[in-house]
Amino acid sequence: MEKVSELYRGKAKTVHTTSDPNYLILEFRDDTSAFDGERIEQLARKGMVNNRFNHFIMEKLAAEGIPTQMERLLSDTESLVKNLAMIPVECVVRNIAAGSLVRRLGVEEGISLTPPTFELFLKNDALHDPMINESHAVAFGWATHEQLAEMKRLTFAVNDVLKSLFDQAGLLLVDYKLEFGVFNGKVVLGDEFSPDGCRLWDKETREKLDKDRFRQGLGGVVEAYEEVAKRLGLELPA
Ligand code: TMP
Ligand code: ASP
């Protein structure tokens, strides 16, 4: 399927329409953004790595019964996906304390969260993605109770699949953010799963192998993403 016109340019991906209104093309760019778009840099190979990574993870999730928007890989930097009506609420599960949880609650980074936490954020860069609760989402019409219950169920189902997948690769899945949309009346996983939207630490050394390398200026960002891919057995083009 071919790109017809640019529908939306996000911070790291561009969404294109196709000749079929039910399908879109996601183009992963090398742009890397942090702090709600305050800092953006181009990192060579990142679009290719994230496109391939996302396709690999979405296929694993689909194989475990999680509905995803992924149809197929089209090229190194493009994937064909279902055209979801996106829900502007981000779902975050945390297995280990890090990031905004540490800043917000003053807890120590690295402590285990048992059971894992579940949080909702409004997708709104201008407001810095504020934390919201279910009643906000329902009152403002961003999602229904039923949709939110399904989003929570699927977000935890993803945790079960991916915690063990990353564990086998010697990695800790610290936390991650998912976005959902509606397709034919059903809640479906959209957006992407890549090291841009999760935290992954080496199991032994706790070295950070995700976008915190960019946020914290640690360098070796794409190299870390490629290391994660390699450990998962995902072969990337040279
Ligand atoms: P946080 O610690 O900044 O709240 O983020 C938790 C996880 O969710 C972390 O892996 C980054 C991811 N995330 C995004 O990728 N984009 C977002 O807009 C938010 C709020 C979180
Ligand atoms: N995804 C957001 C941004 O690109 C937040 C972050 O990852 O720091 O600005």
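We count ligands from 1, going down the list as the structure has it; atoms in each ligand are counted the same way. Sequential numbering from 1 along the given sequence is applied to the chain's residues.
Below 3.5 Å of separation, one finds no N or O of Arg103 facing any N or O of ligand 1. Any N or O atom pair closer than 3.5 Å counts here, and Arg199 shares at least one such pair with ligand 1.
To the nearest 0.5 angstrom, Glu192 atom CD is 11.0 Å from Leu178 atom CG.
Nearest to atom 14 (C) of ligand 1 by heavy-atom distance, out of Lys177, Lys11, Arg94, is Lys177. Considering only non-hydrogen atoms, atom 18 (O) of ligand 1 lies nearest to Asp129 out of Asp129, Val102, Asp125.
At a 4.0 Å cut-off, at least one heavy atom of Arg215 sits close enough to ligand 1 to count as contact.
If you look at Asp196 next to ligand 1, the close heavy atoms, those under 4.0 Å, all belong to the backbone. When heavy-atom distances to ligand 1 are checked against a 4.0 Å cut-off, Asp175 comes that close through both its backbone and its side chain. With a heavy-atom cut-off of 4.0 Å, Glu90 touches ligand 1 through its side chain alone.
Taking the six-membered ring where the residue is Trp, Phe166 and Phe53 present parallel rings, their angle staying beneath 30° rather than reaching 60°.
With a 6.0 Å radius and a threshold of 12 heavy atoms from other residues, nucleotides or ligands, Gln42 has its CD atom above the threshold.
When each atom of ligand 1 is checked for a heavy atom of Gly99 under 4.0 Å away, the hits are 2 (O). Atom numbering of ligand 1 starts at 1 in the shown order; those under 4.0 Å from a heavy atom of Cys198 are 10 (O).
The two residues Leu172 and Asp202 come nearest to each other via the heavy atoms CD1-O, 4.4 Å. For the residue pair Ala98 and Arg199, the shortest heavy atom distance occurs at CB-CD, 3.8 Å.
Between the Asn50 side chain and the Ser194 main chain, no donor and acceptor come within less than 3.5 Å of each other.
Side-chain contact between Phe193 and Thr68 is absent, with no heavy-atom pair separated by less than 4.5 Å.
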